[in-house]
Amino acid sequence: MLHVLLAEDHNIVRNGIRMLLETDKDINIAAEAVNGVEVLEYVASGRQVDVILADINMPGMDGIMLLKEMKLLKPETYVMMLSMHDNEKYVTQAFMEGASGYLLKSVSADELIFSLKHVGTGGKYLCSELAIRMLDKLLHNGYHFISDTKSAIEFSLREIEVLHLIAEGLTNNEMSEQLFISKRTVEGHRQSLIEKTGARNTAALIRYAVLNGVIQ
């Protein structure tokens, strides 16, 4: 029996995933959580968890911070990221921080179940949609799909999200509504990005992000 802890802050999404997993007799939903803090509290209680399936973006403590804390608390527990983000930087950061798997939320039920069981045996898993896309890019470019000229500047997941939305032409108000954060917080992220990159304006900021592989 594979004991899975499901961490997702959207009730409808979490309930849907639970219903899918409950169709397999070899998987037990040990617990549910809405953020990384609740996950850590459950794991610290000593109850059995084999695999944590966590949304990469959660309030309070996101998936990346959860990965870092789990390394300290219980490194033998496998953590899989579930995300709507298909950017290579997200995927790379997740695996660098110790994730055992990365799934897009568009993954099929069969692949979701298979990936959990595979990770539960100690394997690593990248969902097929991302794996094929990265392979296509590798074959098209004729070299490794991750740029060797990685930006020396480190960006948080939230800053990368803001960069994407800036590139899409969203206003601060629109970004605030989409990310469920205040307009002042959005403005703070935008200012932080400008200071980190030394960009003089939004156009220069986007140019930097594209040239350094932060966004595509």
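Values below: all heavy atoms of this structure, side chains included; hydrogens, waters and symmetry mates excluded.
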*Asks:* Answer yes if the side chains of R158 and S156 hold a donor-acceptor pair under 3.5 Å, and no otherwise.
*Replies:*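 R158 vs S156: no donor-acceptor pair found between side chains.
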*Asks:* Let me know which of D50, N28, T77 forms a side chain to side chain donor-acceptor pair (under 3.5 Å) with H3.
*Replies:*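 In the set D50, N28, T77, the residue that makes a side chain to side chain donor-acceptor pair (under 3.5 Å) with H3 is N28.
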*Asks:* Roughly how far apart are K105 NZ and I56 CD1, rounded to 0.5 Å?
*Replies:*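 Atom-to-atom, K105:NZ and I56:CD1 are 10.0 Å apart.
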*Asks:* How are the rings of F114 and Y125 set to each other: parallel, tilted or perpendicular (split at 30° and 60°)?
*Replies:*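 Correct class here is perpendicular.
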*Asks:* Given side chains that start at C-beta, do those of L126 and V91 come closer than 4.5 Å, heavy atoms only?
*Replies:*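 Of all side-chain heavy-atom pairs linking V91 with L126, at least one is under 4.5 Å.
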*Asks:* With rounding to the nearest 0.5 Å, note down the distance linking CD in E69 to CE in M61.
*Replies:*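 Separation between the atoms: 5.0 Å.
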*Asks:* So, are E88 and R133 salt-bridged, with charged N and O less than 4.0 Å apart?
*Replies:*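 Salt bridge absent between E88 and R133.
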*Asks:* Taking N172 for its side chain and M175 for its backbone only, find out whether a donor-acceptor pair lies under 3.5 Å.
*Replies:*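 No: the side chain of N172 does not pair with the backbone of M175.
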*Asks:* Anything under 30° is parallel, anything over 60° is perpendicular, the rest tilted; go ahead and classify H85 against Y90.
*Replies:*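 Judged by the thresholds at 30° and 60°, the geometry between H85 and Y90 is parallel.
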*Asks:* Count I, L, V, M, F, W, Y as connected when their side-chain heavy atoms are under 4.5 Å apart, and connections chain through other members. Are L103 and M81 then in the same cluster?
*Replies:*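 The answer is no; the residues belong to distinct hydrophobic clusters.
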*Asks:* What distance separates R207 CZ from L205 CG, expressed to the nearest 0.5 Å?
*Replies:*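 Result: 12.0 Å between the selected atoms.
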*Asks:* Mark yes or no for whether Q191, through its side chain, and E187, through its backbone, hold a donor-acceptor pair below 3.5 Å.
*Replies:*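 No; zero donor-acceptor contacts below 3.5 Å.
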*Asks:* Quick check: do L2 and D26 have side-chain heavy atoms less than 4.5 Å from each other?
*Replies:*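 Not in contact.
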*Asks:* Would a 4.5 Å heavy-atom cut-off, applied to side chains only, mark L53 and I17 as touching?
*Replies:*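 Yes, close enough: below the 4.5 Å cut-off.
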*Asks:* Determine, for K71 against E97, whether the closest basic-nitrogen to carboxylate-oxygen distance falls under 4.0 angstrom.
*Replies:*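 Yes, this pair counts.
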*Asks:* Please give me the minimum heavy-atom distance between S176 and S182, naming the atom from each residue.
*Replies:*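 Heavy-atom minimum between the residues: OG-C, 3.5 Å.
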*Asks:* Is the backbone N or O of E154 less than 3.5 Å from a side-chain atom of K196, with the two atoms forming a donor-acceptor pair by type?
*Replies:*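 Side chain of K196 to backbone of E154, a donor-acceptor pair under 3.5 Å: yes, one is there.
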*Asks:* Crowded around M19 CE? As in, over 12 foreign heavy atoms under 6.0 Å?
*Replies:*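 Check fails, neighbour count at 12 or below.
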*Asks:* Distance-only, no hydrogens or angles: does the D55 side chain make a donor-acceptor pair with backbone N or O of M58 under 3.5 Å?
*Replies:*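 Not at all, since once roles are kept as given, no pair shorter than 3.5 Å links the two residues.
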*Asks:* Any sub-3.5 Å donor-acceptor pair from T197's side-chain atoms to L193's backbone N or O?
*Replies:*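 Yes, the answer is positive, given that a donor and an acceptor are paired below the 3.5 Å cut-off.
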*Asks:* Going by heavy atoms in the side chains, are S83 and Y102 under 4.5 Å from each other?
*Replies:*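 The answer is yes, as the side chains (C-beta and beyond) meet within the 4.5 Å cut-off.
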*Asks:* Check D9 with R14, please: is the shortest side-chain N to carboxylate O separation under 4.0 Å?
*Replies:*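 The answer is no: the pair does not qualify as a salt bridge.
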*Asks:* When you measure from the side chain of S115 to the backbone N and O of E111, does any donor-acceptor pair fall under 3.5 Å?
*Replies:*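 Yes.
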*Asks:* Could you report the tightest heavy-atom contact between A30 and Y42, atom names first, then the distance?
*Replies:*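 Closest approach of A30 to Y42: O-OH, 3.3 Å.
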*Asks:* Any non-hydrogen side-chain atom of L179 less than 4.5 Å from a side-chain atom of V162?
*Replies:*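 Contact flag for L179/V162 side chains = yes.
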*Asks:* Examine distances only and state if a side-chain atom of E168 and a backbone atom of L170 form a donor-acceptor pair shorter than 3.5 Å.
*Replies:*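 Not a single qualifying donor-acceptor pair exists.
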*Asks:* What's the separation between atom CD1 in I153 and atom CD in E195, rounded to the nearest 0.5 Å?
*Replies:*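 So the CD1 of I153 and the CD of E195 are separated by 11.5 Å.
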*Asks:* For K89, is there any backbone N or O sitting under 3.5 Å from a side-chain donor or acceptor partner on T92?
*Replies:*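 Side chain of T92 to backbone of K89: no pair is present.
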